[in-house]
Amino acid sequence: MLLSYVKLVASKWICARETVMNASELKHLILQMRQIGNDTQTCEVKEARNKIPESITDTLSAFSNGNGGTIILGISEKEGFTPVESFDARAIQEALSTKCEQMTPRVRPTLEVIPFEGTNVLMAHIPAMPLKDRPCYITTKGRYQGSYIRTGDGNRKLSQYEIDRLMEEHSQPTFDDEIVAQATLDDLDHNLLSQFINRQRELHPRIFGTRSDENITISMHVAKKDDEGTIRPTLGGLLALGSFPQQFFPRLNITFTAFPGITKAEIVDENRRFLDAQTIIGPIPFIIEDALNAVTKNMRTGAVIEGAFRQDVPDYPRKAVREAIANALMHRDYSPDARGSQVQVNLYADRLEILNPGGLFGNVTIDTLGTVGISSSRNQFLSNILETTPYPGGGYVVENRGTGYQVIEEQLQAALMNPPKPLNTLTFFSLTFNKRRMTKSEKTNTNPLSVEEAIIELLSKRSSATSKELSELSGLSRSAITSHLRTMIANEIVEPTEPARSPKQRYRLAGK
């Protein structure tokens with residue numbers, strides 16, 4: 001609770017940008033830190049008794065590469081967060097400015113000398129560096145040795161992988177457009193490819209109507225000519241339309257694991273660690289469907305009584321799960337360093353977690369996820385291909401309109417479930433769905449009415465209904481509802497409101 005308060009106070013000040021913390025806010029912050037006994041993720045104190053500490057540059061880098069932060073100089077942590085006697089705030093301010101000039105790019109803090117408990121302290125707000133300028137590093141150490149990030153109450157040196165991901169923000173990555181040198185056009189699924197090409201001609205007849213299959217394949221970046229003139233699939237083309245992409249990239253797949261408890265440490269028995277575990281391979285449309293079926297197989301489907309009808313309601317809405325898995329595959333990191341990491345679909349006793357390598361890209365942040373008009377694709381060629389890649393059972397893999405997260409939220413809301421929980425880091429992104437809570441009707445052994453009794457009860461509450469409305473309310477197929485209606489009409493329980501086969505046909509209780 002105290003740590004949350006400290007974060008709140010510090011974050012309020014950070015968000016103000018040009019506004020420095022006043023004496024009252026500083027007092028509250030220091031008092032709380034005294035009780036916690038350490039720095040926080042957004043605030044660090046330094047004695048700087050006679051000179052500024054060399055480690056201050058690590059903190060300047062860490063705050064700049066994260067969400068910004070607060071440095072308070074002239075406070076002693078080891079002496080219980082008390083002010084340093086004879087602290088020369090003005091001299092330390094000049095020294096800190098010099099340290100800021102030793103960073104690349106240069107850090108430009110907001111500085112203020114504030115009176116505190118009979119002396120002065122120096123407050124420095126370190127703003128978050130724009131994505132296009134990261135990583136911020138100590139110039140003399142270089143980018144790969146002098147870049148830091150804030151974790152907990154300390155600083156951690158960024159790994160090469162993390163720095164490379166930050167560098168990607170400077171321009172559009174093109175890993176999905178790289179030629180797969182060992183592959184040929186025979187490694188594409190010709191049924192998928194044929195449907196894909198036909199869709200291009202259908203959508204864009206003016207552009208692709210008279211072009212050859214080969215030309216369309218190259219124009220859509222499914223394949224490219226190598227230096228010898230041989231046409232070979234691109235990484236994006238192979239992943240979306242290949243017959244067996246894992247022949248070339250074994251870990252660009254999905255692993256599904258159903259754990260018996262709420263952590264990975266719990267086991268089923270001495271011989272089994274998992275309830276189910278699958279390595280799912282194939283092109284993206286098929287592994288999405290197979291992963292979705294694995295989740296469906298291992299989750300509970302409850303019987304919910306809504307009004308007169310009984311409906312099957314799963315723990316996790318299939319459409320939301322499908323969208324989350326598709327997004328993970330479409331937006332994951334496909335750089336060479338990440339090709340040894342798979343997308344994970346982990347089902348626990350209380351939640352479903354979908355995790356992919358690589359964090360959010362571009363102008364999309366945790367705060368802007370699902371916001372209309374804000375979208376950014378790390379893999380622009382793959383995204384474009386998947387938009388018209390056929391999906392098993394009909395339709396296409398993705399809409400590619402930046403609406404995926406909104407669909408997930410809407411599906412969970414319709415199922416009366418909590419919003420998804422996103423987690424973003426430089427190395428991975430995860431989305432977690434909490435398991436649907438059982439309804440009152442599921443917890444009781446209520447005997448549902450028969451279908452005909454349910455139809456009677458529903459029609460007693462409304463003037464009439466169509467067979468489609470009855471089907472949607474009951475969860476039964478249209479043909480099943482129609483069969484029951486015929487029987488009820490024959491027994492003069494229900495009557496149609498229109499002549500037979502009328503498109504406006506509705507049904508009501510006979511004599512009502």
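Keep in mind the model is a prediction, meaning the values are calculated, not measured.
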T389 and P285 have their tightest heavy-atom pair at CG2-CG, 3.8 Å
- Does R378 use its side chain to pair, donor to acceptor, with the backbone of G359 at less than 3.5 Å? yes
Item to complete: Return yes if some donor-acceptor pair links the side-chain N/O of H221 with the main-chain N/O of F381 below 3.5 Å, else return no.
Response: no
Review point. So, T427 and R165: side-chain donor and acceptor under 3.5 Å apart, yes or no?
Key: no
- Task: Please confirm whether R332 makes a cation-pi placement over Y334, using NZ or CZ under 6.0 Å from the six-membered ring centre and within 45° of the ring normal.
- Result: yes
Paired with Y348, the ring pair (Phe, Tyr, Trp, His ring centres under 6.0 Å) test is passed by just one of F274, F433, F259, namely F259
Is there a side-chain contact between M417 and P317 (heavy atoms, below 4.5 Å)?
-> yes
Of all heavy-atom pairs linking A349 and P260, the shortest is CB-O, 3.8 Å
task = Using modelled atom types only, decide if a donor and an acceptor are shared between the side chain of R351 and the backbone of K435 within a distance under 3.5 Å.
result = no
So CG of L185 and OG1 of T217: to nearest 0.5 Å the spacing works out to 7.0 Å
Report the C-alpha separation of I408 and Q411 in whole Å, then their side-chain angles, then the decisive distance to 0.1 Å, and conclude whether the side-chain contact (heavy atoms from CB on, under 4.5 Å) test is met.
CA-CA 5 Å; I408 293 170; Q411 288 292 310; 5.9 Å; no
message = Could you tell me if S377 and S383 have a donor-acceptor pair between their side chains, going purely by distance under 3.5 Å?
response = yes
Between L369 and L360 the two heavy atoms that sit nearest each other are CD2-CD2, 4.3 Å
Mind checking whether M488 and I456 have side chains closer than 4.5 Å, heavy atoms only? yes
Within the 4.5 Å heavy-atom criterion, are L238 and F249 side-chain neighbours or not?
yes
Is there a salt bridge (charged side-chain N to carboxylate O under 4.0 Å, His left out) between E353 and K421 once you walk through the steps? CA-CA 9 Å; E353 174 192 78; K421 295 180 178 179; over 6 Å; no
| message | Atom CG of residue position D227 - does it have more than 12 heavy atoms of other residues, nucleotides or ligands inside 6.0 Å? | response | no
message = Can a side-chain donor-acceptor contact be found between N65 and Y137 if the only test is distance below 3.5 angstrom?
response = no
Donor-acceptor pair, side chain of E168 and main chain of D164, under 3.5 angstrom
no
Practice prompt. Start with the C-alpha gap between T368 and T365, add the side-chain angles, then the distance that decides, and say whether side chain to side chain donor-acceptor pair (under 3.5 Å) holds.
Written response: CA-CA 5 Å; T368 62; T365 66; 3.2 Å; yes
Tightest non-hydrogen contact, residues Y396 and R322, listed as O-NH2, 3.2 Å
**Message:** Under a plain distance cut-off of 3.5 Å, with no hydrogens placed, do N215 and S219 share a side-chain donor-acceptor pair?
**Reply:** yes
Given side chains that start at C-beta, do those of E387 and R199 come closer than 4.5 Å, heavy atoms only? no
Checklist line | Salt-bridge contact E178-R339 (side-chain N to carboxylate O under 4.0 Å) | finding: yes
ask   = Does a side-chain heavy-atom distance below 4.5 Å link L386 with I284?
value = yes
- Where do T184 and R232 land on the side-chain contact (heavy atoms from CB on, under 4.5 Å) test, with the steps shown first? CA-CA 5 Å; T184 69; R232 300 186 185 279; 3.7 Å; yes
Here the gap from R437 atom CZ to D350 atom CG, rounded to the nearest 0.5 Å, amounts to 10.0 Å
query: Going by distance alone, is a donor N or O of one side chain under 3.5 Å from an acceptor N or O of the other, for S335 and D337?
result: no
Handout entry: Heavy-atom donor-acceptor pair, Q246 side chain to L252 backbone, under 3.5 Å
Key = yes
> Is a donor on one side and an acceptor on the other found under 3.5 Å between the side chain of E266 and the backbone of I262?
Replying inline: yes
query = Side chains of T234 and D177: donor-acceptor distance under 3.5 Å anywhere?
reply = no
Next on the checklist: With a sphere of 6.0 Å drawn around CZ of R318, does it hold more than 12 non-hydrogen atoms of other residues, nucleotides or ligands?
Outcome noted: yes
Whether the S159 and E162 side chains hold a donor-acceptor pair (N or O, under 3.5 Å, no angle test) is what I'd like checked.
yes
Non-hydrogen side-chain atoms of I354 and I325 separated by less than 4.5 Å: yes
Legend entry - Donor-acceptor contact present, side-chain E289 to main-chain F286, <3.5 Å: no
Smallest heavy-atom separation, K468 atom then R478 atom, equals N-NE, 3.4 Å
- Using the six-membered ring of Y148, assess whether NZ or CZ of R150 lies under 6.0 Å from its centre and within 45 degrees of the ring axis. no
(message) Can you confirm whether E399 is buried at CD, in the sense that more than 12 heavy atoms of other residues, nucleotides or ligands lie under 6.0 Å from that atom?
(response) no
Walk me through it: do L485 and S467 pass the test side-chain contact (heavy atoms from CB on, under 4.5 Å)? CA-CA 8 Å; L485 286 172; S467 59; 4.2 Å; yes
Residue set satisfying side chain to side chain contact (heavy atoms under 4.5 Å, CB included) with D276, at least two apart, ordered chain then number -> F256, A258, Q278, K297, N298
* Asked: What's the verdict on side chain to side chain donor-acceptor pair (under 3.5 Å) for Q200 and T388, showing C-alpha distance, side-chain angles and the deciding distance?
  -> CA-CA 8 Å; Q200 305 314 312; T388 44; 2.7 Å; yes
Discussion item. Distance alone, cut at 3.5 Å: any donor-acceptor contact between the side chains of N434 and Y316?
Written reply: no
* To do: Please tell me if the side chains of D290 and I281 come closer than 4.5 Å, counting only heavy atoms from C-beta onward.
  => no
Taken to the nearest 0.5 Å, the spacing of N155 CG from S147 OG works out to 12.0 Å
Interatomic distance, CD1@I149 vs CZ@F63, rounded to 0.5 Å, equals 10.0 Å
Check your understanding: For K319, does the NZ atom sit with more than 12 other heavy atoms under 6.0 Å from it, leaving out its own atoms?
Key -> no
Rounding to 0.5 Å, atoms CD1 (I207) and CD1 (I216) come to a distance of 10.5 Å
Smallest heavy-atom separation, M167 atom then R134 atom, equals SD-O, 4.2 Å
Next on the checklist: Whether E457 and K461 form a salt bridge (side-chain N of Lys/Arg under 4.0 Å from carboxylate O of Asp/Glu) is what I want to check.
Outcome noted: yes
Donor-acceptor under 3.5 Å (N356 side chain, V343 main chain): no
query = Will you find, in the side chains of S64 and S61, an N or O donor that is under 3.5 Å from an N or O acceptor?
reply = no
Value for OG1 (T425) from CG (L423), rounded to nearest 0.5 Å, stands at 6.5 Å
| message | Is it the case that the side chain of D176 and the backbone of G236 share a donor-acceptor pair, with hydrogens and angles ignored and the cut-off at 3.5 Å? | response | no
query = Side chain of N198, backbone of S194: donor and acceptor closer than 3.5 Å?
reply = yes
### Task
Report the C-alpha separation of Y161 and D333 in whole Å, then their side-chain angles, then the decisive distance to 0.1 Å, and conclude whether the side-chain contact (heavy atoms from CB on, under 4.5 Å) test is met.
CA-CA 11 Å; Y161 177 77; D333 176 20; 2.5 Å; yes
Check your understanding: So does D213 pair up with R201, basic N to acidic O under 4.0 Å?
Key -> yes
With a 4.5 Å limit on heavy-atom distance, are the side chains of Q342 and I254 in contact?
no
